[in-house]
Visitor: 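The structure under discussion is supplied below as C-alpha cells; questions concerning it will follow.
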Protein chains: 2
Amino acid sequence: MKIPLDHAAAIGNVVRASRKAQKIRQDDAAGSIGVSENFLGKIERGDESVQWGKLFQVLEGLGVRIVVDVPDNVAAWLNERRDDRGRS
Amino acid sequence: MKIPLDHAAAIGNVVRASRKAQKIRQDDAAGSIGVSENFLGKIERGDESVQWGKLFQVLEGLGVRIVVDVPDNVAAWLNERRDDRGRS
DNA sequence: ATTAAATCCTCACGGTTGTAAGGATTTTTG
DNA sequence: CAAAAATCCTTACAACCGTGAGGATTTAAT
C-alpha cells in the first residue's frame with residue numbers, strides 16, 4: 001500500500017502502525033532495529049528533529065519502503081553520475 | 001517518476017537532480033526553501049545525519065514527493081487514530 | 001474496578017547539527 | 001587555456017540529539 005506523505009510528522013503514524021501490525025512492542029522493535037526505545041517512541045510521536053539516517057534505519061527494520069516521486073524531467077539529471085568523474 | 005530508496009544517502013542524488021532539473025543554484029534554492037546553502041549542499045552530498053523535518057522541507061521546496069510503501073495489513077492500524085482519543 | 005503492561009516524559013551526558021562567514025577546490029564558461 | 005561561477009570545506013557557536021535510567025501516565029487485561 002502506497003501512502004503519500006503530506007507533512008514530515010505523518011511518518012510517525014506509519015511507523016507506529018507498521019510496528020503494531022507486527023504485534024511487537026516499542027522496546028522489542030527498538031532492540032532488534034538497533035535504536036533506543038526512547039528514539040523509536042519519539043519517531044512514532046511525530047518528532048521531526050530526528051536524524052534522517054536513523055529514521056531510515058527504523059523504516060528498514062519495520063519493512064517500510066520509501067519511494068520518492070519526482071517529475072519525469074529529473075531522471076536525466078539522475079543519470080548524470082557524480083562518481084563517473086574519474087574518482088574510482 | 002517513482003524511485004525506490006535503497007539506502008538513506010541516495011536521497012541526496014534525488015535532491016541534486018531535482019534542483020539541477022530546475023536550473024537553479026544551490027544558494028538560490030536554499031534561499032527560497034529557507035535553509036542554508038551549507039545545509040542543502042550537505043543533503044546533496046548524501047549526509048545521513050540531517051534532520052528529517054529539514055530534509056522534508058527541502059524535498060517539498062523542490063517538488064519532490066515522498067511515498068511510503070507498506071504491507072497492506074498495516075492500513076488497519078493506520079485507521080486506528082490517536083487523535084480520536086478525546087483530545088480534541 | 002483493579003492490576004499489569006506499555007508508552008510517555010524527564011534528566012543528564014557526550015557528541016552533534018544548522019547557520020553564517022570565508023576561503024579552497026572543482027566545474028563551467030567563453 | 002584562463003577566468004568566472006558554483007560547490008565544497010573549515011571554523012565557531014548556540015541549540016540540540018540519541019542514549020540510558022527511572023518514574024509518571026496511559027492503555028490493556030482481567
Side-chain angles (χ1 to χ4, degrees), chain A residues 8-62 64 74 76-88, chain B residues 8-62 64 74 76-88:
Chain A
I11 206 159
N13 299 323
V14 177
V15 167
R16 193 186 295 272
S18 298
R19 176 178 61 83
K20 287 186 171 181
Q22 295 176 44
K23 313 286 186 200
I24 47 181
R25 303 172 348 197
Q26 273 189 356
D27 54 357
D28 287 335
S32 61
I33 290 169
V35 298
S36 73
E37 182 195 336
N38 273 332
F39 180 67
L40 181 56
K42 202 170 165 191
I43 289 179
E44 293 192 2
R45 296 191 292 281
D47 192 315
E48 303 181 16
S49 68
V50 296
Q51 284 188 9
W52 162 237
K54 305 275 311 186
L55 170 59
F56 192 87
Q57 182 182 337
V58 166
L59 293 169
E60 271 191 315
L62 290 174
V64 178
V74 173
W77 299 94
L78 273 170
N79 297 328
E80 183 199 56
R81 303 280 295 271
R82 292 190 80 204
D83 56 355
D84 282 354
R85 288 191 286 180
R87 284 202 200 174
S88 54
Chain B
I11 207 159
N13 300 323
V14 177
V15 167
R16 194 185 296 270
S18 298
R19 174 178 62 82
K20 287 186 171 182
Q22 296 174 44
K23 313 286 184 198
I24 47 181
R25 305 173 344 197
Q26 274 190 354
D27 55 355
D28 287 335
S32 61
I33 289 169
V35 298
S36 71
E37 180 195 339
N38 273 330
F39 181 67
L40 181 55
K42 200 171 166 191
I43 289 179
E44 294 192 358
R45 295 191 294 281
D47 192 314
E48 302 180 17
S49 67
V50 295
Q51 285 190 8
W52 162 237
K54 306 275 312 186
L55 171 58
F56 192 87
Q57 182 181 340
V58 167
L59 293 169
E60 271 190 315
L62 291 173
V64 178
V74 173
W77 299 93
L78 273 171
N79 297 329
E80 183 200 58
R81 302 279 295 273
R82 294 189 80 204
D83 56 356
D84 283 354
R85 289 191 286 179
R87 283 199 201 177
S88 53

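Letters A, B, ... are given to chains in the order of the sequence lines, protein chains preceding strands, and every chain is numbered from 1. Model, not experiment: these values are computed from the prediction.
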Visitor: Please examine the side chains of B:Leu40 and B:Val58, heavy atoms only from C-beta on, and report whether any two atoms are closer than 4.5 Å.
Guide: yes

Visitor: Compare all side-chain heavy atoms of B:Ile11 with those of B:Leu59 and state whether any distance is below 4.5 angstrom.
Guide: yes

Visitor: Once each nucleotide of nucleotides 11-23 of chain C is scored for protein heavy atoms under 4.0 Å, what B/S/- sequence comes out, 5' to 3'?
Guide: ------SSBBB--

Visitor: Determine, for B:Arg45 against B:Asp47, whether the closest basic-nitrogen to carboxylate-oxygen distance falls under 4.0 angstrom.
Guide: no

Visitor: Examine D:dA5: is either OP1 or OP2 under 4.0 Å from a nitrogen or oxygen in the side chain of B:Arg25? Give yes or no.
Guide: no

Visitor: Give the angle between the helix axes at the two ends of the helix from C:dA1-D:dT30 to C:dG30-D:dC1, taking five base pairs at each end and rounding to 10°.
Guide: 80°

Visitor: List the atom of A:Gln26, the atom of A:Arg19, and the distance in Å for their closest heavy-atom pair.
Guide: N-NH1, 3.3 Å

Visitor: Among all residues two or more places apart in sequence or in another chain, which pass the side-chain contact (heavy atoms from CB on, under 4.5 Å) test with A:Ala9?
Guide: A:His7, A:Glu48

Visitor: Shortest non-hydrogen contact from A:Val50 to A:Phe39?
Guide: CG1-CE1, 3.6 Å

Visitor: Quick one: A:Glu44 CD to C:dA6 P, roughly how many Å, whole number?
Guide: 14 Å

Visitor: Could you state the atom-to-atom distance from CD of A:Glu48 to P of D:dC17 in whole Å?
Guide: 11 Å

Visitor: In this structure, how many angstroms lie between the P atom of D:dT7 and the CG atom of B:Asp27, rounded?
Guide: 7 Å

Visitor: Measuring to OP1 and OP2 of D:dT7, would you say a side-chain N or O of B:Arg19 lies under 4.0 angstrom away?
Guide: yes

Visitor: Take the protein atom CG of B:Leu55 and the nucleotide atom P of D:dC17, then report the distance between them rounded to whole Å.
Guide: 15 Å

Visitor: To the nearest 0.5 Å, what is the distance between CG on B:Leu78 and NZ on A:Lys20?
Guide: 10.5 Å

Visitor: Look at the side-chain N and O atoms of B:Gln26 and state whether any lies under 4.0 Å from the OP1 or OP2 oxygen of D:dC8.
Guide: yes

Visitor: Contact between B:Trp52 and A:Ile43 at the side-chain level, heavy atoms closer than 4.5 Å - yes or no?
Guide: no

Visitor: Roughly, in whole Å, what's the span from CZ in B:Arg45 to C1' in D:dC8?
Guide: 6 Å

Visitor: Hey, mind stepping through A:Leu62 and A:Ile33 against side-chain contact (heavy atoms from CB on, under 4.5 Å) and telling me if it holds?
Guide: CA-CA 8 Å; A:Leu62 290 174; A:Ile33 290 169; 4.0 Å; yes

Visitor: Could you state the atom-to-atom distance from CH2 of A:Trp77 to C1' of C:dT27 in whole Å?
Guide: 13 Å

Visitor: Is any side-chain N or O of B:Arg16 closer than 4.0 Å to OP1 or OP2 of D:dT7?
Guide: no

